[in-house]
Amino acid sequence: QAQVVESGGGLVQAGDSLRLSCVASGRASSAYVVGWFRQAPGKDREFVAAITRTDTTYFADSVKGRFAISRDNAKNTVYLQMNSLKPEDTAVYYCAAGIGATITRAYGYGYWGQGTQVTVSS
């Protein structure tokens, strides 16, 4: 019955900003960590950012200084604020919930959203 749903993707120009939202329900809403991953065509799924229940945050080197992650406990929602977007940020972005054993690896998460497309034009 756990569910994770992402939204907020779209087509933007380089330098623009987007905010992605992730709503967790059922057992996913009680996960220790919520993470964001992305996957471009023909490439492996890549860690982007994560936030724990104690508000510890993690970022991939490629997005440090540009992206921010936050959560609203009342809404069971995690946000990924993406600033200064680059064409290389183009990918399907997935939200996932897990117990936090392996925060930067996809296999550490048990619940996944359907993905939302982010396309950044040059």
Side-chain angles (χ1 to χ4, degrees):
Q1 62 181 12
Q3 188 174 22
V4 177
V5 180
E6 314 98 322
S7 62
L11 173 62
V12 298
Q13 294 179 281
D16 284 353
S17 297
L18 275 177
R19 188 186 70 171
L20 305 184
S21 298
C22 173
V23 180
S25 61
R27 295 209 67 234
S29 66
S30 298
Y32 179 74
V33 62
V34 173
W36 287 93
F37 292 77
R38 64 189 182 186
Q39 188 166 25
K43 296 185 178 181
D44 292 334
R45 191 162 296 187
E46 175 189 29
F47 172 77
V48 177
I51 185 168
T52 71
R53 290 170 62 87
T54 56
D55 289 329
T56 301
T57 58
Y58 303 79
F59 296 94
D61 288 342
S62 60
V63 305
K64 286 180 180 177
R66 298 190 297 123
F67 290 11
I69 189 168
S70 61
R71 61 182 176 86
D72 184 336
N73 291 332
K75 298 180 179 179
N76 291 129
T77 302
V78 170
Y79 302 98
L80 182 67
Q81 179 66 46
M82 305 185 293
N83 301 316
S84 301
L85 283 163
K86 305 175 180 179
E88 49 263 47
D89 294 318
T90 296
V92 176
Y93 282 69
Y94 297 90
C95 183
I99 63 173
T102 313
I103 289 175
T104 63
R105 298 297 185 93
Y107 60 73
Y109 296 79
Y111 303 102
W112 291 83
Q114 79 287 352
T116 185
Q117 177 71 47
V118 173
T119 302
V120 184
S121 63
S122 60

Open item on the list: Please check this pair: side chain of T90 against backbone of V120, looking for a donor-acceptor N/O pair closer than 3.5 Å.
Closed with: yes

Task: is_close_aromatic(Y109, F37), centroid dist under 6.0 Å - done: yes

Task: Side-chain donor or acceptor of R53 paired with backbone N/O of V34 under 3.5 Å - done: no

Open item on the list: Determine whether a donor-acceptor pair (N or O, by modelled atom type, separation under 3.5 Å) exists between the side chain of E6 and the backbone of G115.
Closed with: yes

Task: Beyond-backbone contact of C22 with V4, side-chain heavy atoms, under 4.5 angstrom - done: yes

Open item on the list: Just so I know, are the side chains of V78 and I69 near enough to count as touching, which here means a heavy-atom distance under 4.5 Å?
Closed with: yes

- [ ] List for me each residue that meets side chain to side chain donor-acceptor pair (under 3.5 Å) alongside Q39, sequence neighbours excluded, and say none if there are none.
- [x] R45

Open item on the list: Looking at T116 and G9, would you say the former's side chain and the latter's main chain have a donor-acceptor pair under 3.5 Å?
Closed with: yes

Open item on the list: What I want to check is whether the side chains of R38 and Y93 have a donor and an acceptor closer together than 3.5 Å.
Closed with: yes

Open item on the list: With a 4.5 Å cut-off on side-chain heavy atoms, are L20 and Y94 touching?
Closed with: no

TODO: Take atom CG of D44 as the centre, draw a 6.0 Å sphere, and report whether it contains more than 12 heavy atoms from other residues, nucleotides or ligands.
DONE: no

Task: Donor-acceptor contact below 3.5 Å, side chain R66 vs main chain S62 - done: yes

